[in-house]
There are 2 protein chains.
Amino acid sequence: MTLDKRIRDAIEARIRSGEWRPGYRIPFEHELVAEFGCARATVSKALSALVAAGLIERRRKAGSFVAHPQVHAALLDIPDLARLEGYRWERTACATAAPEEMVEVQSGPLLRVEGIHHADGAPLALERRLIDVSTVPEAATADFETEAPGSWLLGHVPWSDARHRIRAIAADRAQATALGMPIGVACLQLERWTWRAGALVTYVRQVFPGDRYDLTAEFGSRR
Amino acid sequence: MTLDKRIRDAIEARIRSGEWRPGYRIPFEHELVAEFGCARATVSKALSALVAAGLIERRRKAGSFVAHPQVHAALLDIPDLARLEGYRWERTACATAAPEEMVEVQSGPLLRVEGIHHADGAPLALERRLIDVSTVPEAATADFETEAPGSWLLGHVPWSDARHRIRAIAADRAQATALGMPIGVACLQLERWTWRAGALVTYVRQVFPGDRYDLTAEFGSRR
DNA sequence: AAATATTTGTACGTATGTATA
DNA sequence: TTATACATACGTACAAATATT
């Protein structure tokens, strides 16, 4: 374990135990330097990491203070469907999208791909995906018959930004039929918009039966 | 803008534009030192930030490489209900919990608080909360009549860890009645377990009508 | 298999800038 | 105004890991 990590852990432990409560002014950097017998840069590095973790705030001239907890952000884990036991992708449609769909996501010409993710022999998620072919021209020549568009895109599009929206919906007739459930079943709907350099790459909506899928998010001693 | 941030942004731009694709070996630190005319420590700080952001990987002797995108983690934003327009908390129950509830969450003696979060005059969420009074003794003397237990706890319990679970459920009779909806309506259920120094602080289950609530998560140029 | 060279990782001490109590 | 404490950056040193010879 490195020295800056040890310093970081020591301070974090005192915060998490409640010994140093929110608002408490932790020792000055020069005091921590004395306590740990190291250079100020090393203490500073540890404190910077604590700031990044949201545990403390630093104010010039005033010192560093234990932050007030904010449970309003957590790291959401979105599992890769393709890694599930008994995974299979079934494509049900692949066509050029209608003009109104371009309006819907405000993009250029689109490819629409629809299909079902199966896990353990049962349908797990219904997917409707739009791919902007002006951003990803190679997508026009793919058929997404055996490979789900999600994993195909991961291999063909470099780094991007994404926004997710999660909500609960009742399955409509088409969704219920595709997933083999009664109409109106509570489902988790995950929508994702992906951009690259400001241009839309893809939009996807996945619908999961509520009793077969959940999401988890961690906050705190993450990583 | 600081120098290390400028270096970081310059590299990030080349990655996001696709100029440097996943797997590409970015220039060695000494080359970046030459390019930006700075000390190696400054380049190293910029690269460390890019590692933390998941954009690159560094390997001794080999160099630093553009990471392969992983959309499997995103920062989930959990809004503070009390800040919504026309917010009101209505407590419906407050009592010592039954022994079987202690088993359910594996904790010490519990206080159970139930109530409804209203926003804009309409019920937004049904809450069932368990508080471990051995971890938070002061909770035994609070009545949670006017203040929701969530915000009360934020002010009385220092830093903690939390895990969230999100799923879609159909409203049962009691939930439907409390929220003024038909039975079976699709709802988003958010569960949260909170610990402090390894001990459970609180468990809460919030049920939102699917058409009145959603969650968003960001991935990429966050912060 | 072993030695070597290269690159990242950590830490130091110093210097200077900046916000502020 | 001034002293203080954090913020950024520099240059050096050595350690650790690992391709390459």
Side-chain angles (χ1 to χ4, degrees), chain A residues 1-15 19-68 70 159 221-223, chain B residues 1-15 19-68 70 159 221-223:
Chain A
M1 173 155 313
T2 64
L3 180 50
D4 74 283
K5 182 83 170 75
R6 283 222 314 278
I7 298 171
R8 185 196 150 144
D9 287 351
I11 296 172
E12 180 165 348
R14 285 183 267 211
I15 293 174
E19 182 187 341
W20 291 350
R21 300 184 62 89
Y24 177 84
R25 205 213 78 221
I26 74 173
F28 292 128
E29 297 190 358
H30 69 82
E31 295 174 308
L32 294 168
V33 164
E35 176 178 350
F36 291 96
C38 65
R40 197 170 80 84
T42 308
V43 164
S44 185
K45 185 176 180 185
L47 296 187
S48 297
L50 291 171
V51 169
L55 238 69
I56 67 167
E57 288 171 13
R58 300 166 90 184
R59 291 203 300 277
R60 290 174 144 116
K61 166 73 183 177
S64 299
F65 301 82
V66 178
H68 291 268
Q70 311 233 347
W159 276 94
S221 39
R222 47 206 160 184
R223 255 179 298 277
Chain B
M1 172 156 312
T2 63
L3 179 51
D4 74 281
K5 182 86 169 77
R6 283 223 312 279
I7 298 172
R8 186 197 149 145
D9 288 352
I11 295 172
E12 180 165 348
R14 284 183 267 210
I15 293 174
E19 182 188 341
W20 290 350
R21 300 184 62 89
Y24 177 84
R25 205 212 77 222
I26 74 173
F28 292 127
E29 296 190 1
H30 69 81
E31 295 173 307
L32 293 168
V33 163
E35 176 178 350
F36 291 96
C38 64
R40 191 168 79 89
T42 308
V43 164
S44 185
K45 185 177 180 184
L47 296 188
S48 296
L50 291 171
V51 170
L55 237 68
I56 66 166
E57 288 171 11
R58 301 165 88 183
R59 290 204 302 278
R60 288 174 148 129
K61 169 71 183 180
S64 299
F65 302 82
V66 178
H68 292 267
Q70 310 232 348
W159 277 94
S221 41
R222 49 205 160 183
R223 254 179 298 277

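Computed from heavy atoms alone, side chains included, the values below leave out hydrogens, waters and symmetry copies. Lettering of chains follows the sequences in order, A, B, ..., and the numbering in each one begins at 1.
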May I ask you to decide whether [X] forms a salt bridge with [Y], counting only side-chain N to carboxylate O separations under 4.0 Å?
{"X": "Arg40(A)", "Y": "Glu29(A)", "result": "yes"}
{"X": "Arg6(A)", "Y": "Glu35(A)", "result": "no"}
{"X": "Lys5(A)", "Y": "Asp9(A)", "result": "yes"}

Check whether any side-chain heavy atom of Ile26(A) lies under 4.5 Å from a side-chain heavy atom of Leu47(A), and answer yes or no. yes

Would the distance check show the side chain of Ser48(B) and the main-chain N or O of Ser44(B) forming a donor-acceptor pair, the cut-off being under 3.5 Å? yes

Is the backbone N or O of Glu12(B) less than 3.5 Å from a side-chain atom of Trp159(A), with the two atoms forming a donor-acceptor pair by type? no

In this structure, how many angstroms lie between the [atom2] atom of [N] and the [atom1] atom of [X], rounded?
{"X": "Lys45(A)", "N": "dC12(C)", "atom1": "NZ", "atom2": "C1'", "value": "13 Å"}
{"X": "Arg25(A)", "N": "dC6(D)", "atom1": "CZ", "atom2": "P", "value": "8 Å"}
{"X": "Glu31(A)", "N": "dT4(D)", "atom1": "CD", "atom2": "P", "value": "13 Å"}
{"X": "Arg59(B)", "N": "dT20(D)", "atom1": "CZ", "atom2": "P", "value": "11 Å"}
{"X": "Phe65(A)", "N": "dC6(D)", "atom1": "CZ", "atom2": "C1'", "value": "11 Å"}
{"X": "Met1(B)", "N": "dA7(D)", "atom1": "CE", "atom2": "P", "value": "17 Å"}
{"X": "Arg6(B)", "N": "dA7(D)", "atom1": "CZ", "atom2": "P", "value": "20 Å"}
{"X": "Leu32(A)", "N": "dC12(C)", "atom1": "CG", "atom2": "P", "value": "13 Å"}

Can you tell me which nucleotide in [options] comes closest to the side chain of [X]?
{"X": "Arg60(B)", "options": "dT18(C), dA17(D), dA9(D)", "answer": "dA17(D)"}
{"X": "Lys61(A)", "options": "dA11(C), dC6(D), dA3(D)", "answer": "dA3(D)"}
{"X": "Phe28(B)", "options": "dT8(D), dT7(C), dG17(C)", "answer": "dT7(C)"}
{"X": "Ser64(B)", "options": "dA11(C), dT8(C), dC10(D)", "answer": "dT8(C)"}
{"X": "Ser44(A)", "options": "dA21(C), dT8(D), dC12(C)", "answer": "dT8(D)"}
{"X": "Glu29(B)", "options": "dG9(C), dC10(D), dG13(C)", "answer": "dG9(C)"}

Relative orientation of the end axes in the helix from dA2(C)-dT21(D) to dA21(C)-dT2(D), expressed as an angle to the nearest 10° (five pairs per end):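 That helix gives 10° between its end axes.
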
No-H, no-angle donor-acceptor pair, Arg40(B) side chain to dG9(C) base, under 3.5 Å: yes

Distance criterion of 3.5 Å, no angle test: do you see the side chain of Arg58(B) paired donor-to-acceptor with the base of dT8(C)?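 Counting by modelled atom types and ignoring angles, no donor-acceptor contact under 3.5 Å is found here.
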
Between His30(B) and Ala41(A), which residue's closest nucleotide on DNA chain C lies nearer the 5′ terminus? His30(B)

If you draw the axis of the six-membered ring of Phe65(A), does the NZ or CZ of Arg58(A) fall within 45° of it and under 6.0 Å from the ring centre?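 Checked: cation-pi criterion not met.
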
